[in-house]
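See structure below.
Everything numeric here is computed off the predicted structure, so don't read it as measured data.
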Amino acid sequence: MNIKSLLAFAACALMFVACGDDVTEVNEIHQDGMAVLEAGLELSKQKCDSANVGEMLFVMDSSEAFICDGESWQTLKGADGKDGEKGADGVKGAKGADGKDGKNGDNGEAGKSAYEIAKENGFEGTEAEWLESMKGPFIQDKRDGKIYKTVKIGDQVWMAENLNYSVKPDEQSWCGGGSDKAEGDCSVYGRLYTWAAAMDSVAAFSNDGKGCGYGAKCDPSGTVRGICPEGWHLPSKDEWNALITAVGGTDVAGKNLKADSDLWTQEDGISNDDSYGFSALPAGDRYYNGSFSYAGYIAFFWSASEDGSNRAYGMNLYCSYEYAGLDDDDKNYAFSVRCLKD
């Protein structure tokens, strides 16, 4: 048997050794002709020549088998394989180019008004009705876009500010709060109107007060819109009296309707509580001769009820009294207007 055949035979024999440290299995191999040595040092003492070619030994301390090739003991342990070559590093990817600046966006469409959005969500009323339904509440005069606070007192809903709609021609209304020949401040006091202008005698907005003015007895019946916004009207004498009753009666109505404001001249012992939010301000009046007076002292409000061809009723408040009442005045005077909801 040549050495190549011996090595092949030895490899097959070693298949019976699991890890080389199982003595029982080694003993089984020994019984088939493989000698067992305790230590590798004993291997040099073992005979190996032509007489025992092919003889095998197993060394326990190194768990290694040997075979005699006729000259020396050759290990049957395979040589360690060479380390595999290290793989080449991958090529690093190139950095991506910077992105281009984005284009400016197109201008957005004009935003919808809150009222338009409300309509899209089911609101079916007018814009003025929508404004009124909002916290405040408020109404908007669609003629000029001005917005007014409102207040509910009893069963009535009133403007809580004086009307500030400019009558055309301008000779029919003036800014309240004026003195002598100088007008006051419309943004604070609203405007002052002759009774003809308050009644809309030229029928610019309705025929309710058509032809009503100084020297003409028109004795209107029913509700008169007058100079007020759509859905509102100039209160009658009876409607003013209903307000006075709702706020406690004549003796205290002035105290409860006047604004708690330094614009009122302060009188000892007189209080302005504005208990119901009517917030009346002392805009004074304008005489037919063109002079303004009583700003800071008196608030006059026209009614739609006349007292003859030259006089009509108005509700009066005074800085020096806590009462309120209605008196008749010359239709050519200019007073404030408060509108009442239809």
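Considering CG of Asp328 and OG of Ser303, their distance stands at 10.0 Å, rounded to 0.5 Å. Atom CG of Asn310 sits about 10.5 Å away from atom CH2 of Trp195, to the nearest 0.5 Å. Distance check, rounded to the nearest 0.5 Å: CD of Glu55 to CG of Asp69 gives 12.5 Å. Distance check: Asp49 CG to Lys47 NZ gives 4.0 Å after rounding to the nearest 0.5 Å. The CG atom of Leu326 lies 8.5 Å from the OG atom of Ser305; values are rounded to the nearest 0.5 Å. Atom CD1 of residue Ile139 and atom CD of residue Glu161 lie 9.0 Å apart, to the nearest 0.5 angstrom.
Side-chain contact between Trp174 and Phe292: present, with at least one pair of heavy atoms (C-beta onward) separated by less than 4.5 Å. For the pair Leu234 and Asp200, the minimum side-chain heavy-atom distance is 4.5 Å or more. Leu263 places a side-chain heavy atom less than 4.5 Å from the side chain of Val188. No side-chain heavy atom of Asp273 sits less than 4.5 Å from a side-chain heavy atom of Asp260. Side-chain contact between Tyr318 and Tyr297 is absent, with no heavy atoms from C-beta onward closer than 4.5 Å. Looking only at side-chain heavy atoms (C-beta outward), Tyr214 and Asp330 come within less than 4.5 Å of each other. Between Asn52 and Cys68 the shortest side-chain heavy-atom distance falls below 4.5 Å. Arg338 has its side chain out of reach of Trp302: every pair of non-hydrogen atoms, C-beta onward, lies at least 4.5 Å apart.
The shortest heavy-atom contact between Ala280 and Trp264 is O-NE1, 2.9 Å. Scanning all heavy atoms of the two residues, the minimum distance from Gly254 to Leu317 falls at CA-CD2, 3.7 Å. Considering every non-hydrogen atom in both Asn289 and Lys181, the closest pair reads O-NZ, 2.9 Å. In plain terms, the two heavy atoms of Gly308 and Lys331 that are nearest each other are O-NZ, 3.0 Å. The nearest pair of heavy atoms linking Leu257 to Val247 is CD2-CG1, 3.9 Å. Taking all atoms of both residues into account, the shortest heavy-atom contact from Ile244 to Thr250 is CG2-N, 3.6 Å.
Between the side chains of Asn164 and Ser187, no donor-acceptor pair is found at a separation under 3.5 Å. Side-chain contact of Ser279 with Asp274: a donor-acceptor pair under 3.5 Å is present, judged by distance alone. Between the side chains of Asn162 and Arg191, not a single donor N or O lies within less than 3.5 Å of an accepting N or O. No side-chain donor-acceptor contact under 3.5 Å links Asp238 and Ser236. Glu267 and Ser320 share no side-chain donor-acceptor pair at under 3.5 Å.
A chain of hydrophobic side-chain contacts below 4.5 Å, direct or via other Ile, Leu, Val, Met, Phe, Trp or Tyr residues, connects Ile227 to Tyr148. Linking ILVMFWY side-chain heavy atoms closer than 4.5 Å, directly or via other members, places Met199 and Tyr165 in a single hydrophobic cluster. Residues Leu243 and Phe300 do not share a hydrophobic cluster, clusters being chains of Ile/Leu/Val/Met/Phe/Trp/Tyr side chains in contact below 4.5 Å. Linking ILVMFWY side-chain heavy atoms closer than 4.5 Å, directly or via other members, places Ile147 and Val151 in two distinct hydrophobic clusters. Residues Phe301 and Tyr189 fall into different hydrophobic clusters, defined by Ile, Leu, Val, Met, Phe, Trp and Tyr side chains chained together at heavy-atom separations under 4.5 Å.
Taking the centre and axis of the six-membered ring of Phe205, the NZ or CZ atom of Arg143 falls inside the cone set by 45° and 6.0 Å. Remark: Lys237 is positioned above the aromatic ring of Tyr313, its terminal NZ or CZ atom under 6.0 angstrom from the ring centre and at most 45 degrees off the axis.
Remark: aromatic rings of Tyr321 and Tyr323 are close, center separation under 6.0 Å. Taking the centre of each ring, Trp158 and Trp240 come in below the 6.0 Å mark.
With a 6.0 Å radius and a threshold of 12 heavy atoms from other residues, nucleotides or ligands, Lys146 has its NZ atom above the threshold. Few gaps surround CG on Asp144; more than 12 heavy atoms of other groups in view lie less than 6.0 Å from it.
The backbone N or O of His233 lies less than 3.5 Å from no partner atom in the side chain of Lys341, so there is not a single donor-acceptor pair. Looking at Ser291, its side chain never comes within 3.5 Å of a backbone N or O of Tyr287 through a donor-acceptor pair. A donor-acceptor contact shorter than 3.5 Å is absent between the side chain of Gln172 and the backbone of Val167.
Evaluation of the side chain to side chain donor-acceptor pair (under 3.5 Å) rule for Asp208 yields Ser206 as partners, not counting sequence neighbours. Listed by chain and residue number, Lys258 satisfy the side chain to side chain donor-acceptor pair (under 3.5 Å) test with Asn272 (two or more places apart in sequence, or in another chain).
Pairs passing the disulfide (SG to SG under 2.5 Å) check and including a residue from residues 263-342, sequence neighbours excluded, read Cys228-Cys339.
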Exercise. Do Leu163 and Tyr193 pass the side-chain contact (heavy atoms from CB on, under 4.5 Å) test, and can you show the C-alpha distance, the side-chain angles, and the key distance before you say yes or no?
Worked result: CA-CA 10 Å; Leu163 186 66; Tyr193 303 87; 3.7 Å; yes

Exercise. Should Cys175 and Asp185 be marked as a side-chain contact (heavy atoms from CB on, under 4.5 Å) after you check the CA-CA gap, both sets of side-chain angles, and the distance that decides it?
Worked result: CA-CA 6 Å; Cys175 292; Asp185 187 345; over 6 Å; no

For this session: Give the intermediate values and the outcome of side-chain contact (heavy atoms from CB on, under 4.5 Å) for residues Glu306 and Arg311.
Result: CA-CA 6 Å; Glu306 67 178 359; Arg311 302 180 73 82; over 6 Å; no

Problem set entry | Criterion side-chain contact (heavy atoms from CB on, under 4.5 Å) on Asp251 and Glu322, from CA distance to verdict | CA-CA 6 Å; Asp251 290 343; Glu322 293 183 346; over 6 Å; no

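A salt bridge links Lys142 with Glu230; the closest basic N to acidic carboxylate O contact falls under 4.0 Å.
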